Novice: 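Please see the structure below; I have some questions.
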Amino acid sequence: MQMESKKKLWRGFMLFMAVMLIMTYVSRMVYVSRMPRVKWRTPTSASIRNQVTAEGTVEAVNAQAVIGLDGLLVEKVCVAAGDRMEAGTVLYEVNTEDLLAQLAQLNAQEEAWQKQEQAKRRDAATNAARAQEDYDTTVIELDRKIAEETKKLEELMEDLETHMFRIPEEDASDEIWIAWADERLRFDREIAEKKRMIEDAQLEKEKLLRQADRNIEDAKRARSAAEGNLDLGASGVGQVRERQERIALLTELSENEGRVAAKSAGDVLEVMMQSGMRMGSSAVLRYADDAGSRIFHTVITQEQKPFVHTGDTVRLTFPGSAEEVSETIDSIVQENGGYTVTIRLAQGVAQGRTEGVMEVNSTSEIYDFVVPLKALYNDGSNAIYVLEEKEGILGTEMSVRSMTVRLLDKNEDYAAIADELLSGDLKVVTECDRELKNGMAVKVWE
């Protein structure tokens with residue numbers, strides 16, 4: 001009976017273990033089945049290519065625009081719609097007093113800026129020289145101090161050596177021996193103290209020289225920035241260049257006594273200015289030149305504007321025609337919440353066509369970390385999920401970690417990102433079959 005009872009217990013135990021094994025297996029299968037599946041890629045080095053496509057119209061006219069000289073006062077309009085003009089024909093005149101006043105103001109601003117920049121360069125050069133001088137002075141002073149302390153140490157060592165030769169006689173009194181020993185201890189203490197002072201001076205020298213080196217580097221950087229106008233920033237440099245270009249324009253205009261002449265022959269189509277008005281940056285006159293060219297117009301959005309510039313070479317196609325040409329953008333004017341792009345077509349191009357399509361391709365610099373655009377998600381800022389290993393229920397598992405990144409550039413397919421923690425061996429999640437959360441265990445989607 002006892003043996004039979006043991007067998008029943010053993011069979012029960014084995015049945016229990018089998019059930020537990022099955023439950024463990026089932027629970028792990030359920031755990032695994034609930035894991036999100038992900039696909040991943042490592043970041044690559046690449047450039048971002050953006051393509052802007054915009055539909056537009058072709059005007060079968062030889063219209064050209066004369067852009068107004070922003071801010072100048074019109075004194076006299078010399079042509080009217082329907083007039084014939086030749087190259088050199090005076091179109092309008094600006095008020096010379098107003099012109100000279102603006103030119104004087106700009107020249108005064110430029111002169112003041114030049115003086116300010118020269119002063120900054122002088123100050124930067126002076127600071128650099130002073131930093132070097134402070135460095136040299138610090139080295140000399142610390143070397144002198146260390147040399148003095150070293151000399152004192154050597155003298156103490158010599159005094160100690162002399163003292164050691166003056167050892168009392170064996171039968172000298174205890175007072176003499178005690179005095180001799182006290183003197184020996186005094187020498188030892190002073191020598192140890194002097195060595196500490198020298199070590200401290202050496203450490204202080206290293207510390208001061210490191211700081212002096214930094215001061216020299218800072219002064220050199222400040223000098224380079226001042227000499228290259230780097231401290232102005234992109235907007236500041238742009239303002240300076242704009243002012244200098246404006247000065248050159250007004251100077252040339254003043255030499256022409258305020259007269260603006262036609263650059264080519266043609267017929268005046270429309271005049272959008274009158275005497276006494278102050279011009280803006282839009283067109284003030286339209287004319288048809290004798291070249292017989294057509295004009296292509298299209299409108300691009302605010303988002304497309306960074307990829308399209310005046311002077312860019314674009315590809316033009318025309319629906320219903322196999323004709324394809326490369327042309328240059330003549331002007332981009334902001335109006336009605338968008339940007340109107342104007343392209344003057346070469347003679348004979350797009351004859352009989354009223355519609356066209358413009359394509360502009362823009363290729364960025366090469367970025368170090370480029371990932372598929374679908375790898376980005378928004379948690380209040382741009383972020384990606386990266387795969388990492390961790391210990392979990394199944395032992396070593398894959399999990400995702402959210403990483404906020406800085407978006408440098410993007411197109412419809414790829415994004416260039418930056419972060420000081422990024423490296424080429426990161427596994428960036430590009431696809432998943434359900435919503436992810438930071439730290440969630442996942443499995444690779446084969």
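Because the structure is predicted, anything quoted here is derived from the model rather than measured.
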Novice: Take a 6.0 Å sphere around CD of E97 and say whether it holds more than 12 heavy atoms from other residues, nucleotides or ligands.
Specialist: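 Incorrect, the count does not exceed 12.
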
Novice: Does any non-hydrogen side-chain atom of E55 lie less than 4.5 Å from one of M358?
Specialist: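 No, every pair of side-chain atoms sits at 4.5 Å or beyond.
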
Novice: So do the side chains of V428 and T42 get within less than 4.5 Å of each other, counting heavy atoms only?
Specialist: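 With C-beta onward as the side chain, the pair stays apart.
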
Novice: Does I366 have more than 12 heavy atoms from other residues, nucleotides or ligands lying within 6.0 Å of its CD1?
Specialist: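 For I366, atom CD1 is not crowded (no more than 12 foreign heavy atoms under 6.0 Å).
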
Novice: Do L345 and L316 pass the side-chain contact (heavy atoms from CB on, under 4.5 Å) test, and can you show the C-alpha distance, the side-chain angles, and the key distance before you say yes or no?
Specialist: CA-CA 10 Å; L345 305 179; L316 290 178; 3.4 Å; yes

Novice: To check you understand the geometry: which heavy-atom pair defines the closest contact between L69 and Y92, and what is its length?
Specialist: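 It is CG-OH, 3.6 Å.
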
Novice: Does the pair I67 and V284 meet the rule for a side-chain contact (heavy atoms from CB on, under 4.5 Å), with working shown?
Specialist: CA-CA 6 Å; I67 305 302; V284 294; over 6 Å; no

Novice: Determine the minimum heavy-atom distance between M279 and G68, stating which atoms define it.
Specialist: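 Closest approach of M279 to G68: SD-CA, 3.9 Å.
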
Novice: Taking the side chain as every heavy atom from C-beta outward, state whether E324 and T317 have any atom pair closer than 4.5 Å.
Specialist: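 Yes, close enough: below the 4.5 Å cut-off.
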
Novice: Could you pull out the closest heavy-atom pair between L376 and L407, with the gap in Å?
Specialist: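 Smallest heavy-atom distance, with atoms named: CD1-CD1, 3.9 Å.
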
Novice: Any salt bridge linking E245 with R241? Criterion: basic side-chain nitrogen under 4.0 Å from a carboxylate oxygen.
Specialist: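 Salt bridge flag = no for R241 with E245.
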
Novice: Measure across V442 and L436 and return the closest heavy-atom pair with its distance rounded to 0.1 Å.
Specialist: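 Shortest heavy-atom contact: CG1-CD2, 4.0 Å.
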
Novice: Flag the pair E193 and R196 as a salt bridge only when some basic side-chain nitrogen lies within less than 4.0 angstrom of an acidic carboxylate oxygen.
Specialist: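 Yes.
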
Novice: Counting only heavy atoms not in K305 (residues, nucleotides, ligands), do more than 12 fall under 6.0 Å from its NZ?
Specialist: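 Yes, the 6.0 Å shell around NZ holds more than 12 heavy atoms from other groups.
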
Novice: Is the CD atom of Q116 crowded by more than 12 outside heavy atoms at less than 6.0 Å?
Specialist: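 Buried by this count: over 12 neighbours within 6.0 Å.
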
Novice: Any chance you could measure R49, atom CZ, to F307, atom CZ, to the nearest 0.5 Å?
Specialist: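 Rounded to the nearest 0.5 Å, the CZ-CZ separation comes to 13.0 Å.
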
Novice: Could you tell me whether the side chain of V77 reaches within less than 4.5 Å of the side chain of V271, counting heavy atoms only?
Specialist: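 V271 reaches V77 side chain to side chain.
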
Novice: Determine whether L72 and L253 make a side-chain contact, defined as any pair of heavy atoms from C-beta on separated by less than 4.5 Å.
Specialist: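 A side-chain contact exists here, since the closest heavy-atom pair is under 4.5 Å.
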
Novice: Roughly how far apart are T298 OG1 and E355 CD, rounded to 0.5 Å?
Specialist: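 Reported to 0.5 Å precision, the distance equals 11.0 Å.
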
Novice: side-chain contact (heavy atoms from CB on, under 4.5 Å), that's the test. Do V74 and V94 meet it? Break it down for me.
Specialist: CA-CA 4 Å; V74 178; V94 300; 5.6 Å; no

Novice: Taking the side chain as everything from C-beta on, heavy atoms only, tell me whether C432 gets closer than 4.5 Å to Y385.
Specialist: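 The answer is no, as the side chains (C-beta and beyond) never meet within the 4.5 Å cut-off.
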
Novice: Quick one: pull up CG in L91 and NZ in K263 and give me the separation to the nearest 0.5 Å.
Specialist: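 Result: 10.5 Å between the selected atoms.
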
Novice: Salt-bridged, R278 to D98, with N to O below 4.0 Å?
Specialist: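 Yes, charged N to carboxylate O under 4.0 Å.
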
Novice: Verify side-chain contact (heavy atoms from CB on, under 4.5 Å) between I417 and L408, making sure each step is shown before the conclusion.
Specialist: CA-CA 5 Å; I417 57 176; L408 301 178; 6.0 Å; no

Novice: Measure from the side-chain N and O atoms of T430 to the backbone N and O of K39, and report whether any donor-acceptor pair falls under 3.5 Å.
Specialist: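 It does hold such a pair.
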
Novice: With distance as the sole criterion, is a donor-acceptor pair present between the side chains of Y339 and T301 under 3.5 Å?
Specialist: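 Checked: Y339/T301 side chains show no N/O donor-acceptor pair below 3.5 Å.
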
Novice: Spell out, as yes or no, whether a donor-acceptor pair under 3.5 Å connects the side chain of S362 to the backbone of N50.
Specialist: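 No; judged by distance alone, with no hydrogens or angles, the pair does not exist.
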
Novice: Between H297 and T57, does any side-chain donor sit less than 3.5 Å from a side-chain acceptor?
Specialist: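 There is no such pair between these side chains.
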
Novice: Run the side-chain donor-acceptor check on residues 326-334: report pairs under 3.5 Å with partners two or more places apart or on a different chain.
Specialist:
| residue | atom | partner | partner atom | Å |
| --- | --- | --- | --- | --- |
| E327 | OE2 | A346 | N | 3.4 |
| D330 | OD2 | R344 | N | 2.5 |

Novice: Between atom CD of E93 and atom SG of C78, what is the distance when rounded to the nearest 0.5 Å?
Specialist: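 Spacing of CD (E93) from SG (C78) equals 4.5 Å.
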
Novice: Indicate whether any N or O donor in one side chain lies under 3.5 Å from an N or O acceptor in the other, for E335 and T340.
Specialist: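 Side-chain D/A pair, E335 to T340: present.
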
Novice: What residues form a side-chain contact (heavy atoms from CB on, under 4.5 Å) with R243, not counting sequence neighbours?
Specialist: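 For R243 the side-chain contact (heavy atoms from CB on, under 4.5 Å) partners, ignoring immediate neighbours, are L106, Q109, E110, W113, V240, I247.
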
Novice: For a quick test of reading the model, state the closest non-hydrogen atom pair linking M272 to M277 and the distance between them.
Specialist: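 Where M272 meets M277 most closely, the heavy atoms are O-SD, 4.1 Å.
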
Novice: So, taking the atom named OH in Y287 and the one named CE in M85, what distance separates them when rounded to the nearest 0.5 Å?
Specialist: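 Nearest 0.5 Å value for the OH-CE distance: 5.0 Å.
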
Novice: Is N107 reaching over with its side chain to a backbone N or O of L103, donor-acceptor style, under 3.5 angstrom?
Specialist: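 Pair found, side chain donor or acceptor close to backbone of L103.
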
Novice: Would the distance check show the side chain of N256 and the main-chain N or O of G258 forming a donor-acceptor pair, the cut-off being under 3.5 Å?
Specialist: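 No; judged by distance alone, with no hydrogens or angles, the pair does not exist.
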
Novice: Below 4.5 Å, heavy atoms only, C-beta onward: do T342 and F296 meet side chain to side chain?
Specialist: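 Sidechains of F296 and T342: no contact.
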
Novice: Counting N and O atoms only, with roles assigned by atom type, does the side chain of S321 sit under 3.5 Å from a partner on the main chain of E323, one being a donor and the other an acceptor?
Specialist: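 Looks like yes, one N/O pair under 3.5 Å.
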
Novice: Taking the side chain from N95 and the backbone from E75, do they hold a donor-acceptor pair closer than 3.5 Å?
Specialist: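 The answer is no, because no donor-acceptor pair under 3.5 Å joins these two groups.
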
Novice: Locate the shortest heavy-atom distance separating V58 from G356; write the atom from each residue and the value.
Specialist: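 Closest pair (atom of V58, atom of G356, distance): CG2-N, 4.4 Å.
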
Novice: May I ask you to test the E365-S47 pair for a side-chain heavy-atom distance under 4.5 Å?
Specialist: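 Contact flag for E365/S47 side chains = no.
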
Novice: Please report the interatomic distance CG(N361) to OG1(T313), rounded to the nearest 0.5 Å.
Specialist: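 Here the interatomic distance stands at 11.5 Å.
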
